[in-house]
Protein chains: 2
Amino acid sequence: MQDKRVENARERVIESISKNMDIYSVTPSVGRLYGAMFFEKEPMTLDEMKDKLQMSKTSMSTGVRTLIDLNMVDKVWRKGERKDLYEVKSDWYQTFTDFFCIHWRKGIEMNRDACKESIAELMEVLDGDITNEDKNKAIEDLEKMSYALGYYEWLNKVVDLFESRKIFDVIDEEE
Amino acid sequence: MQDKRVENARERVIESISKNMDIYSVTPSVGRLYGAMFFEKEPMTLDEMKDKLQMSKTSMSTGVRTLIDLNMVDKVWRKGERKDLYEVKSDWYQTFTDFFCIHWRKGIEMNRDACKESIAELMEVLDGDITNEDKNKAIEDLEKMSYALGYYEWLNKVVDLFESRKIFDVIDEEE
DNA sequence: CAGTACATACAGAAAAAACTGTACAAACTA
DNA sequence: TAGTTTGTACAGTTTTTTCTGTATGTACTG
């Protein structure tokens, strides 16, 4: 009887987590898996997940892999256990900063490289003999790209702040 | 002749931006639209976008709406112009913090509410007459939820740091 | 070694998302 | 007012993603 309410309370949180995991570019299904694993006391096997979520084992396998790639879940080893065991990483603060850093760093890097390459190309073009129209266009684009580059540098510093864990000092001081 | 290289340089950056806009949960198409608008000197009309990207006007309309909802693009008004005009918001730093704050705040809020509600429910259950098994389960879940709640509070402070623009001071000091 | 349990690669089915063309409403023009 | 122009709602199509069942390779067990 009571069991319902306990179950219900847990389910509410799982569902909420599931819904909001899109911030991590993850399907609600994978989000629900994460939520379920979070509340499980012991590390889970794929079969337990399958039973819990009423989905195919294949989905559990790929879902868990997704979560591992996101640094949100660990594979754990236990003596005498044949099945693979998985559990949610316990440090959410670390999980957050990891995710944030990995994803933003990658995006920044790619855009920065593209900008740098294009800036070099435009500089070269400006050195040569070109029409006024092209020249103006090149100069305008150069300005835009320089702005972007400056922004990416700044963003990199933000990521540094998290990666170096200095963010924790900053937030602490706020109190 | 030269035109090719100038065009090429611009296209490289647009393509890179397009690819990395998935961080903002946006389609490459919408990302490309954003990139194209970024380099356009003047605000663009839907028809210009359609010609530029070789896509339907409907797609441009919905794409622009998406970007406006993300606070990345503004509708601008110009005397004597019948068509709607749109341009990329010029302050990328603001765009970043806006996006970050809006999305994370929403996710935090929802999860926090769910946790609070469930915590209250579990407390109530614990007050009543229940089996030991249920009691233990409730206590364990309460612990998990309390941890989550603490994390969400912390994350809220991180968002505050960006929203209040204090992050700019923090990064400046780093130099 | 044969037999079993397990995870996952793969192909196909189901579901969701993106994109387009048409149609229509609102705003403007003459 | 009638005639344009413009943006978007909507339905249908195409593309992409998610999910499942089967099949296979690997590792363990006796």
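Worth saying up front: this structure is predicted, and the values here are computed from it rather than measured. Order of the sequence lines sets the chain letters (A, B, ...), proteins ahead of strands, with each chain counted from 1.
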Query raised in the report: What is the distance, rounded to the nearest whole Å, between atom NZ of A/Lys75 and atom C1' of C/dC6?
Result: 11 Å

Report task. Any pair with a residue in residues 33-85 of chain B that passes ring-ring contact (aromatic ring centres under 6.0 Å, His included), sequence neighbours left out, goes on the list, sorted by first then second residue, please. Result -> B/Phe38-B/Trp92

Query - A/Arg32 CZ to D/dC19 C1', straight-line distance once rounded to whole Å - result: 13 Å

Query raised in the report: Within the structure, does a side-chain N or O atom of B/Thr27 lie under 4.0 Å from either OP1 or OP2 of C/dA18?
Result: yes

Requested in this report: Please check if the distance between the ring centroids of A/Phe96 and B/Trp104 is under 6.0 Å.
Outcome: yes

Short heteroatom pairs, N/O only, protein and nucleotides 22-29 of chain C, under 3.5 Å:
none

Report task. Applying salt bridge (Lys or Arg N to Asp or Glu O under 4.0 Å) between A/Glu121 and each of B/Arg5, B/Lys4, B/Arg12, B/Arg10, report the one that passes. Result -> B/Arg12

Requested in this report: Would you mind classifying the nucleic acid contact of B/Ser29 as base, sugar-phosphate or nothing, using non-hydrogen atoms under 4.0 angstrom?
Outcome: sugar-phosphate

Query raised in the report: Using 4.0 Å as the upper bound for N to carboxylate O, is an ion pair formed by A/Lys166 and A/Asp172?
Result: no

Query - pair B/Met60-B/Met44: side-chain heavy atoms closer than 4.5 Å - result: no

Report task. Answer yes when A/Arg105 and A/Glu163 have at least one side-chain N-carboxylate O distance shorter than 4.0 Å, and no when they do not. Result -> yes

Query raised in the report: In residues 44-57 of chain A, which residues come under 4.0 Å of DNA chain D by heavy atom?
Result: A/Met55, A/Ser56

Query raised in the report: Does B/Arg78 come within less than 4.0 Å of B/Glu87, counting only side-chain N to carboxylate O?
Result: no

Requested in this report: Identify whether the distance between the nearest side-chain nitrogen and carboxylate oxygen of A/Asp129 and A/Lys135 falls below 4.0 Å.
Outcome: no

